[in-house]
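Scroll down for the structure; my scribbles are underneath it.
Just so it is clear: chains get the letters A, B, ... in the order the sequence lines come, proteins before strands, and each one is counted from 1.
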Number of protein chains: 2
Amino acid sequence: MALRFNLREQIVQEIGREIVQGRLRPGENLPQEYLLCQQYQVSRTVIREALKGLSTRGLVKARPRVGTQVCARKDWQMLDPDVLIWYFEGKPQGEFLRHLTEIRAMIEPAAAELAAQRATPEEIARIEKCFRQLEKSIASPKQWIEADIEFHVSILNACHNILLQSLVNTLRKTLLKSRALSVPLPESGPGQNLTSGIELGIDRSVYHHQQIFSAIRDRDGAAACRHMQALLRDVAAAVETLISLSER
Amino acid sequence: MALRFNLREQIVQEIGREIVQGRLRPGENLPQEYLLCQQYQVSRTVIREALKGLSTRGLVKARPRVGTQVCARKDWQMLDPDVLIWYFEGKPQGEFLRHLTEIRAMIEPAAAELAAQRATPEEIARIEKCFRQLEKSIASPKQWIEADIEFHVSILNACHNILLQSLVNTLRKTLLKSRALSVPLPESGPGQNLTSGIELGIDRSVYHHQQIFSAIRDRDGAAACRHMQALLRDVAAAVETLISLSER
DNA sequence: AAACTCCATTTGTCATACAATATGATAATT
DNA sequence: AATTATCATATTGTATGACAAATGGAGTTT
């Protein structure tokens with residue numbers, strides 16, 4: 001067992017995975033606290049604090065005399081980064097990226113349009129700064145991904161909608177915590193064509209980003225929306241490519 | 001203090017509000033555990049389990065020797081329904097509805113289009129059932145709101161995107177837990193014109209819903225998108241009306 | 001100035017006891 | 001017989017006291 005966490009956190013992770021990945025099913029009772037103490041060889045304090053971590057995430061509900069039951073899926077706080085990670089760990093590679101890209105394709109064009117109307121001069125300057133950083137990062141995949149994320153976050157923040165910002169922040173945290181992005185890079189040996197393929201895509205990507213930034217700066221919402229759509233079509237295609245490559 | 005909750009939950013709520021509503025600021029230290037025990041007149045067990053609930057939501061971080069610090073806002077799990085409610089409690093009336101409607105206007109047209117492509121026959125039947133229920137509920141505001149929510153949820157679920165479903169579920173839970181919807185109804189005395197205004201809107205609303213359902217059934221994504229946009233324009237206008245009325 | 005050692009402070013963990021609560025069985029009442 | 005009231009019991013909720021582990025800083029050495 002990894003020692004990155006304290007006892008409580010380790011047990012949260014273990015039981016959390018058991019539930020979210022379906023080995024403990026909704027309605028089932030967890031063993032009683034004193035049995036969990038024996039099972040994990042820890043004190044009841046640790047078990048109870050771990051169960052609190054799960055009940056805060058809506059995964060279990062404890063009641064005296066009844067015990068601790070696994071909640072129905074509709075009660076789960078799926079938008080907790082840990083819950084999301086546990087969930088997608090149990091799914092095929094790339095599934096998270098696929099869903100993420102899809103919801104981005106729904107949101108970001110409309111968000112770009114709104115940002116074009118609402119962004120303050122400071123926010124436009126911030127978007128430009130992120131774009132310049134992106135231009136400078138085409139050589140380094142790691143830096144490029146970071147700069148790319150910052151660019152999109154800066155646009156979404158310019159919408160001045162706290163719910164949107166919260167969603168983006170959650171997805172960003174999940175993306176960075178998960179290994180979703182660290183998968184395709186290791187196999188740079190035989191897949192040299194993958195690298196060139198990505199670089200081919202990067203030129204188009206930089207162009208799209210430039211067009212999006214210009215449109216927002218010029219307060220042209222329709223154009224910002226259009227170019228964001230085009231960019232996300234490319235992203236979706238790239239994700240599918242990565243998935244098919246990682247399946248070999 | 002309401003006794004709806006156990007001690008731990010009460011303290012989670014109290015300190016959670018202190019943080020999210022800004023009376024305890026990021027970087028600040030909470031009092032040490034033994035001091036909190038004195039302050040709230042409870043055992044350290046309760047304090048620790050409460051702090052655990054806050055740290056799971058990303059509001060605080062505890063470290064030996066250093067104490068328990070309020071986290072930066074970017075670390076907060078804003079999409080936890082409790083955190084959202086605490087946050088909007090500190091904001092003007094209707095602020096949550098406004099932000100909610102805005103993010104719906106970004107997402108739902110695209111989602112309706114996707115649903116038109118992807119919905120299974122069962123899901124289309126479900127959407128129709130929700131629409132029929134809506135038609136039957138025009139007389140009862142309470143039932144109408146429920147049916148309306150179910151209709152939109154059924155469309156969003158037909159997109160088969162777990163992230164989208166999770167977001168919708170979170171917002172739905174928050175809406176139902178908060179008093180956001182229970183505000184305008186009490187003042188039905190002098191505001192009779194409000195009622196008639198809403199009923200005028202309901203006719204249009206039923207029409208829009210009908211068009212949306214038909215478009216999805218007929219696999220006409222573009223039309224579904226168009227009609228959803230029209231509906232949400234009306235919703236946004238209604239929200240603004242309610243806000244201005246509640247400000248009198 | 002940098003690295004190391006030690007110390008004091010705070011949270012982390014353990015153990016035990018008792019209180020509160022919800023369920024099901026049992027008894028009392030109609 | 002059906003319903004209600006009571007009680008016993010199992011499980012989590014809370015309290016208390018003790019010790020362990022981790023961390024930051026002061027002081028020491030190089």
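- A donor and an acceptor atom, one from each side chain of Thr56(B) and Lys52(B), are located under 3.5 Å apart.
- Between the Glu123(B) side chain and the Thr120(B) main chain, a donor and an acceptor come within less than 3.5 Å of each other.
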task: Dump the intermediate steps for salt bridge (charged side-chain N to carboxylate O under 4.0 Å, His left out) on Lys173(B) and Asp75(A), then the final yes or no.
output: CA-CA 9 Å; Lys173(B) 277 192 278 192; Asp75(A) 297 318; 5.5 Å; no
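- Distance Arg44(B) CZ to dG12(C) P: 8 Å, rounded to the nearest Å.
- To the nearest 0.5 Å, the span separating CZ on Phe131(B) from CD1 on Ile155(B) amounts to 11.0 Å.
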query: What do the steps show when you test Leu134(B) against Phe213(B) for side-chain contact (heavy atoms from CB on, under 4.5 Å), and what is the final call?
result: CA-CA 12 Å; Leu134(B) 197 67; Phe213(B) 157 64; over 6 Å; no
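- Between the CG atom of Asn6(B) and the C1' atom of dA22(C) there is a distance of 14 Å, rounded to whole Å.
- Comparing Arg65(A) and Ala62(A) by the nucleotide of DNA chain D whose heavy atom lies nearest to each, the residue mapping closer to the 5' end is Arg65(A).
- Contacts of residues 30-43 of chain B with DNA chain D (heavy atom under 4.0 Å): Val42(B), Ser43(B).
- A distance of 10.5 Å separates CD1 in Ile103(A) from CG in Leu114(B), rounded to the nearest 0.5 Å.
- At distances below 3.5 Å, at least one donor-acceptor pair connects side-chain atoms of Arg118(A) with backbone N or O atoms of Cys159(A).
- Contact annotation: Thr68(B) reaches the phosphate of dT11(C) (side-chain N/O to OP1 or OP2, under 4.0 Å).
- Distance Ile11(A) CD1 to dG12(C) C1': 13 Å, rounded to the nearest Å.
- Both Thr45(A) and Pro64(B) lie close to DNA chain C; mapped to their nearest nucleotides by heavy-atom distance, the more 5′-ward contact belongs to Pro64(B).
- For residues 21-31 of chain A, the set of pairs meeting the salt bridge (charged side-chain N to carboxylate O under 4.0 Å, His left out) definition, not counting sequence neighbours, comprises Glu18(A)-Arg23(A).
- Atoms CG (Leu51(A)) and P (dT13(C)) sit 14 Å apart, rounded to a whole Å.
- Ring-plane geometry between His209(B) and Phe151(B) is classed as perpendicular, the angle between the planes exceeding 60 degrees on a 0 to 90 degree scale with a lower cut at 30.
- In this structure, Lys52(A) atom NZ and dG12(C) atom P are separated by 15 Å, rounded to whole Å.
- When DNA chain D is scanned 5' to 3' for any atom under 4.0 Å from a heavy atom of chain B, the first and last hits are dG13(D) to dG24(D).
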